[in-house]
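Comments concern the structure below.
Proteins get letters first, then strands, A, B, ... in listed order; numbering begins at 1 in each. For clarity, every value in this text was computed on a predicted model and none was experimentally measured.
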Amino acid sequence: MNDLASPTTYDFATAEPRWQRAWQEAGCFEVPDVPDNAKPKYYVLEMFPYPSGKIHMGHVRNYTLGDVVARYKRARGYQVLHPMGWDAFGLPAENAARERGVHPGAWTRSNIAAMRAELQRMGLSIDWRREFATCDPEYYGQQQHLFLDFLEAGLVERRESWVNWDPVDGTVLANEQVIDGRGWRSGAPVEKKLLSQWFFKITQFAPDLLAALDGLTRWPDRVRTMQAKWIGRSEGARVRFPLTVPNAGMTDIEVYTTRPDTLFGMSFLAIAPEHPLAAAVAAADPAAAAFVAECRRLGTSEAAIETAEKRGFDTGLRVRHPFLPEQSFPIWVANFVLMEYGTGAIFGCPGHDQRDFEFATKYHLPIITVVAPLESAPREPGDSAYDGPGRICNSGFLDGLSIDEAKSAAIRALEASGFGTGVVNWRLRDWGVSRQRYWGCPIPIIHCGVCGTVPAAKASLPIRLPDDVSFDRPGNPLDHHPTWKNVACPRCGAPALRETDTFDTFVDSSWYYARFCSPAAAEPVAREAVDAWLPVDQYIGGIEHAILHLLYSRFFARAMRKTGYLNADEPFAGLFTQGMVTHESYRGADGRWLYPEEVRRDADGTTQHRDTGEAVTVGRVEAMSKSKRNTIDPGAIINGYGADTARWFILSDNPPDRDMEWTEAGVAGASRFVQRLRRLAEASVACDTTPPGEFAPAAMELRRATHRTIAHVTEALESFAFNVAVARIYSLVGAVTDADRVPDVPGMAYARREAIEILARLIAPSMPHLAEEIFARISPGAGLLAEASWPEADSALVAAQSVTIAVQVMGKLRGTIEAVPGERADRVVSAAAAEPHVARLLEGKRILKRIHVPDKIVNFVVAP
RNA sequence: GCCCGCCUGGCGGAAUGGUAGACGCAGCGGACUUAAAAUCCGCAGCCCUUUGGGCAUGGGGGUUCAACUCCCCCGGCGGGCACCA
């Protein structure tokens with residue numbers, strides 16, 4: 001296996017594929033579906049990619065991080081499951097079909113082939129036998145199976161929900177396809193439309209999804225907080241406000257509030273534009289209908305609704321107040337009330353809710369203060385609502401109570417009078433999974449005129465997507481297909497129609513981690529495999545998935561447990577969220593975006609176009625995106641520098657959870673380091689590996705540096721501080737370089753060789769090809785590093801010989817002293833006081849306090 | 001609008017409440033070279049007149065013998081907001 005490169009230049013272009021073949025032939029990364037009991041298991045998973053056609057730097061970063069973990073854990077003696085697959089359904093394939101006339105399936109398959117080849121060139125330690133794509137019928141058929149089981153278990157429901165509707169294209173729009181309230185292709189104003197859809201009842205698990213966050217100790221705190229807020233448990237009350245005049249069969253409006261203590265501060269009631277009462281009013285009043293229609297053009301996203309100017313329509317209807325029977329209040333339709341949260345209606349308390357305040361100010365509604373801030377008298381309504389602590393006032397029987405006391409008292413009164421109840425409310429909504437699109441997993445349901453909605457027979461799965469579809473018409477191609485949807489009802493045999501909606505692609509990605517354990521199983525998962533491998537020990541991906549994907553996966557694990565597929569209910573025991581890869585952006589003289597390879601930077605710091613010489617403006621550093629053209633093609637980087645260099649630069653640049661900036665200089669630096677290390681190793685080739693009887697001080701110094709580096713790098717890798725691990729490795733390389741300047745002393749050759757071998761082992765997770773190359777060179781015949789164990793630090797060599805103690809006077813550093821580790825406090829303190837500079841400052845001063853932190857610091861506090 | 005983060009030299013960053021700036025990039029000086037590249041050696045937070053001193057972790061305040069680190073207020077930047085993945 002060793003036709004090694006010349007010692008002066010490391011030829012990564014031949015070495016990298018050679019080692020990739022060696023690993024593959026040895027099957028280094030293959031693990032069985034049911035792991036061997038002899039070794040502990042470790043499941044490393046990176047979020048699988050969407051096959052857009054090319055890998056981007058975000059992928060390179062993601063898979064490098066995962067590969068470091070996988071290779072490190074393997075060296076630590078774990079059996080490591082490290083698979084790869086494709087999140088292959090989704091909108092871009094349909095866009096490609098509409099724009100370029102290619103079939104979504106063909107487009108996706110060729111993208112997968114191209115991306116697989118690129119990923120393989122990165123030298124990832126993946127068990128490629130487990131690869132699958134979510135568009136494989138073998139996968140999505142099992143997903144249909146799961147859906148039917150969930151349906152039987154009461155975890156699925158069909159109901160109506162609002163979608164963004166493009167009236168010109170006749171299609172449902174994703175939120176991202178709604179731009180300034182208009183469809184992205186047609187430009188037509190978007191409407192909200194009510195569609196009958198399938199929902200996963202994720203809210204069933206809301207209490208558990210919230211409570212179990214506490215157990216996810218290896219998740220970033222911020223992701224846990226984001227999920228907790230998203231699930232959004234709140235305690236409050238449902239309050240019934242009777243209509244003064246019944247309308248459309250309704251006698252009262254129910255409101256949800258977290259502030260029943262402020263009920264006396266009410267000045268209006270507001271309902272969502274989608275509220276049934278709004279519909280009833282609109283039916284009778286054209287002005288109301290116009291307002292509701294206008295709200296429908298706002299789109300369905302919360303951001304759009306809440307950032308829009310607060311607007312309302314006075315219905316002219318009024319409600320009575322449970323605590324103020326002699327008064328009545330107007331009912332408004334308001335664009336900022338969300339139908340999906342609570343009951344779709346609120347009572348407006350402008351004194352103590354900012355949105356209500358803005359609304360009341362705009363429409364000249366009363367603003368009543370009912371909470372007095374503790375420190376001062378009741379404030380005059382100013383330019384904002386007061387939502388801080390205080391005592392209740394202007395509130396009849398609640399006066400003088402604290403906010404919490406008043407909440408309880410108000411709820412008791414509501415319950416006694418039958419006007420309301422205390423409730424726990426969840427912000428989390430059920431997960432609508434129906435999508436009116438072709439390139440997704442067909443929902444296995446049949447609509448029969450006789451039997452209604454009938455689940456497909458499990459024996460008929462997978463329900464495959466038809467290949468012969470056309471995208472030349474608006475709408476869903478499955479719906480226009482001439483024959484696909486025509487089937488016999490599985491229950492009565494009468495002619496019936498298939499559901500033509502497909503699943504949200506988040507469904508596909510909510511259980512793939514389980515499928516990887518037994519990718520060929522004839523059922524969704526092989527029980528023995530998932531019980532052994534799950535949960536995923538380390539999951540790695542972008543923070544942008546902190547809520548939806550991770551929450552849906554947590555729901556799926558629970559649902560699969562309930563339907564008997566799993567033991568685990570948390571899919572990901574450890575989570576790491578990486579930052580984005582960014583790059584400078586460039587614009588030409590005419591303002592158009594330029595690719596980095598079109599730009600030349602001169603020694604004087606000016607930038608210009610490589611070909612035309614025109615001046616180039618360097619823009620800000622931001623996330624790589626096609627539109628800004630500030631992308632770097634990983635394939636070109638691997639061709640030019642090799643996979644190890646790319647991996648090393650990515651790891652060395654900054655902490656992996658922060659955004660990193662891709663720079664040419666950084667890659668070049670990493671590349672120089674690769675060459676330097678390879679050169680440095682050459683001097684320790686064919687060196688005796690028997691420890692000599694004697695080590696000169698310089699040799700011992702190097703050995704101590706080596707073993708301290710093992711300890712430091714190990715600690716850094718364990719805590720995802722990969723940039724620190726890199727720095728420690730640089731330091732050891734520096735120590736070897738320093739040692740090379742010392743004349744050959746006893747034990748130095750051994751110590752140097754040891755340092756090089758340890759370096760090879762320590763870089764093996766990050767730069768696996770270079771590590772193998774060096775290891776094979778200095779330890780011929782010793783096998784593959786990919787299968788070698790992690791080095792152990794010799795604790796005797798790690799222990800410090802002496803420590804530097806900082807000496808402060810009044811907390812300011814005034815000198816340092818050397819001491820034996822663990823030296824007695826009184827001796828350290830007197831030595832510190834004797835330090836010349838310190839002694840001068842202490843002269844004639846009364847010492848009030850002597851603070852001694854062992855092996856760290858001495859601080860003298862003196863009288864002024 | 002709501003929610004969640006982040007902010008340290010020219011740049012990326014390091015630092016269990018205990019010597020702020022490890023390590024790297026860029027820079028400067030030197031060696032080697034006819035020259036350049038590569039390589040090797042060295043310097044380097046800012047200010048002041050020094051061998052000394054002062055100021056420095058976005059700004060302001062607090063806790064502490066000691067604060068990048070803990071608490072409060074403010075500012076700037078970024079991410080998410082349910083049909084993009």
Side-chain angles (χ1 to χ4, degrees), chain A residues 8-9 47-50 52 87 89-92 161 163-164 172-178 197 220-223 225-226 228-230 232 300-308 310 336 340 354-355 358 427-437 504-506 508-509 542-549 551-552 579-580 620 622-623 649 652-655 657-661 663 665-666 668-670 672-673 675-676 679 721 723-724 726-731 733-734 737 741 804-816 837 848-851 853 855-862:
Chain A
T8 47
T9 316
M47 291 178 182
F48 65 166
Y50 177 79
S52 59
D87 188 13
F89 277 135
L91 264 183
S161 139
V163 295
N164 298 311
V172 174
L173 296 175
N175 281 334
E176 72 156 14
Q177 296 173 326
V178 180
Q197 314 225 57
D221 284 342
R222 64 164 159 158
V223 175
T225 344
M226 283 163 84
K229 299 267 184 187
W230 188 260
T300 58
S301 89
E302 194 175 320
I305 292 166
E306 298 224 16
T307 48
K310 285 170 189 41
F336 64 92
E340 274 82 14
Q354 189 57 29
R355 285 184 301 188
E358 288 168 26
R427 206 184 81 98
L428 184 66
R429 310 202 295 256
D430 280 331
W431 174 17
V433 293
S434 296
R435 298 291 182 272
Q436 297 69 42
R437 312 203 190 285
D504 176 6
T505 56
F506 272 122
D508 312 335
S509 56
I543 186 73
E544 67 274 19
H545 291 291
I547 297 178
L548 292 182
H549 162 61
L551 195 60
Y552 292 153
M580 293 182 304
R620 30 183 250 149
E622 54 192 314
F649 171 52
S652 64
D653 188 61
N654 69 347
D657 56 347
R658 291 198 208 166
D659 291 352
M660 73 167 285
E661 186 188 348
T663 59
R672 282 197 298 272
F673 181 69
Q675 294 297 338
R676 181 181 177 200
R679 262 194 319 273
N723 57 322
V724 180
V726 166
R728 300 295 191 183
I729 287 166
Y730 272 117
S731 289
V733 169
T737 311
R741 253 174 279 146
T804 306
I805 292 176
V807 186
Q808 299 179 336
V809 179
M810 296 300 282
K812 285 198 186 255
L813 182 73
R814 299 300 177 184
T816 60
H837 187 199
L848 299 177
K849 218 166 169 184
R850 296 169 178 83
I851 287 144
V853 181
D855 298 348
K856 296 261 177 177
I857 209 160
V858 174
N859 186 14
F860 295 102
V861 184
V862 299

> What is the base-pairing partner of B:A66, counting Watson-Crick and G-U wobble geometry with both distances under 3.5 Å?
Replying inline: none
> Counting only Watson-Crick or G-U wobble pairs whose two distances fall under 3.5 Å, which nucleotide matches B:G27?
Replying inline: B:C43
> Watson-Crick or G-U wobble partner for B:G75, using a 3.5 Å limit on both distances?
Replying inline: B:C7
> Taking the side chain from A:N859 and the backbone from A:V807, do they hold a donor-acceptor pair closer than 3.5 Å?
Replying inline: no
> Does the side chain of A:R427 get closer than 4.0 angstrom to OP1 or OP2 of B:C2 through an N or O atom?
Replying inline: no
> Base, sugar-phosphate, or nothing for A:W431, non-hydrogen atoms under 4.0 angstrom?
Replying inline: nothing
>> Need to verify one output field. Residue with the more 5' nearest nucleotide on RNA chain B, A:N723 or A:N164?
In response: A:N723
>> Strictly below 4.0 Å: does A:H837 bring a side-chain N or O up to OP1 or OP2 of B:G53?
In response: yes
>> Would the base of B:C83 count as contacting A:R437 through its side chain, where contact means a donor and an acceptor less than 3.5 Å apart?
In response: yes
> Is there a Watson-Crick or G-U wobble partner for B:C2 with both distances under 3.5 Å, and if so, which one is it?
Replying inline: B:G80
>> Determine whether a donor-acceptor pair (N or O, by modelled atom type, separation under 3.5 Å) exists between the side chain of A:H837 and the backbone of A:R814.
In response: yes
> Taking only N and O in the side chain of A:R814, is any of them less than 4.0 Å away from OP1 or OP2 of B:G52?
Replying inline: no
> Of the nucleotides B:A85, B:C40, B:A26, which has the atom closest to the A:R676 side chain?
Replying inline: B:C40
>> Among B:G18, B:C83, B:A15, which nucleotide has an atom closest to any side-chain atom of A:V724?
In response: B:A15
> Mapping A:A303 and A:K856 to their closest nucleotides on RNA chain B, which lands nearer the 5' end?
Replying inline: A:K856
> Can you check whether A:R658 has a side-chain N or O nearer than 4.0 Å to OP1 or OP2 of B:A14?
Replying inline: yes
>> Just N and O in the side chain of A:T816: are any of them under 4.0 Å from OP1 or OP2 of B:U19?
In response: no
> Within the modelled atom types, does a donor on one side and an acceptor on the other bring the side chain of A:Q197 and the base of B:C83 under 3.5 Å apart?
Replying inline: yes
> To the side chain of A:R672, which of B:A26, B:C4, B:G80 is closest?
Replying inline: B:A26
> Rounded to the nearest 0.5 Å, how far apart are CD of A:Q436 and CD of A:Q197?
Replying inline: 5.5 Å
> Would you say a side-chain N or O of A:R435 is under 4.0 Å from OP1 or OP2 of B:A85?
Replying inline: no
> In terms of side-chain heavy atoms of A:Y50, which of B:G12, B:C83, B:A85 is nearest?
Replying inline: B:A85
>> B:G42, OP1 or OP2 - any side-chain N/O from A:R741 closer than 4.0 Å?
In response: yes
> Should A:T505 and A:Y50 count as side-chain neighbours, where that means a heavy-atom distance under 4.5 Å?
Replying inline: no
> Taking all non-hydrogen atoms of both residues, which atom of A:F506 and which atom of A:H549 are closest, and how far apart?
Replying inline: CE2-CB, 3.7 Å
>> Mind checking if A:P49 touches a base, just sugar-phosphate, or nothing, with heavy atoms under 4.0 Å?
In response: nothing
> Across all strands, who's sitting opposite B:U19 as a Watson-Crick or G-U wobble pair, both distances under 3.5 Å?
Replying inline: none
> Would you call the rings of A:Y730 and A:F673 parallel, tilted or perpendicular if under 30° counts as parallel and over 60° as perpendicular?
Replying inline: tilted
>> B:G52, OP1 or OP2 - any side-chain N/O from A:K812 closer than 4.0 Å?
In response: no
>> I'd like the C1' distance from B:C4 over to B:G18, given in whole Å.
In response: 32 Å
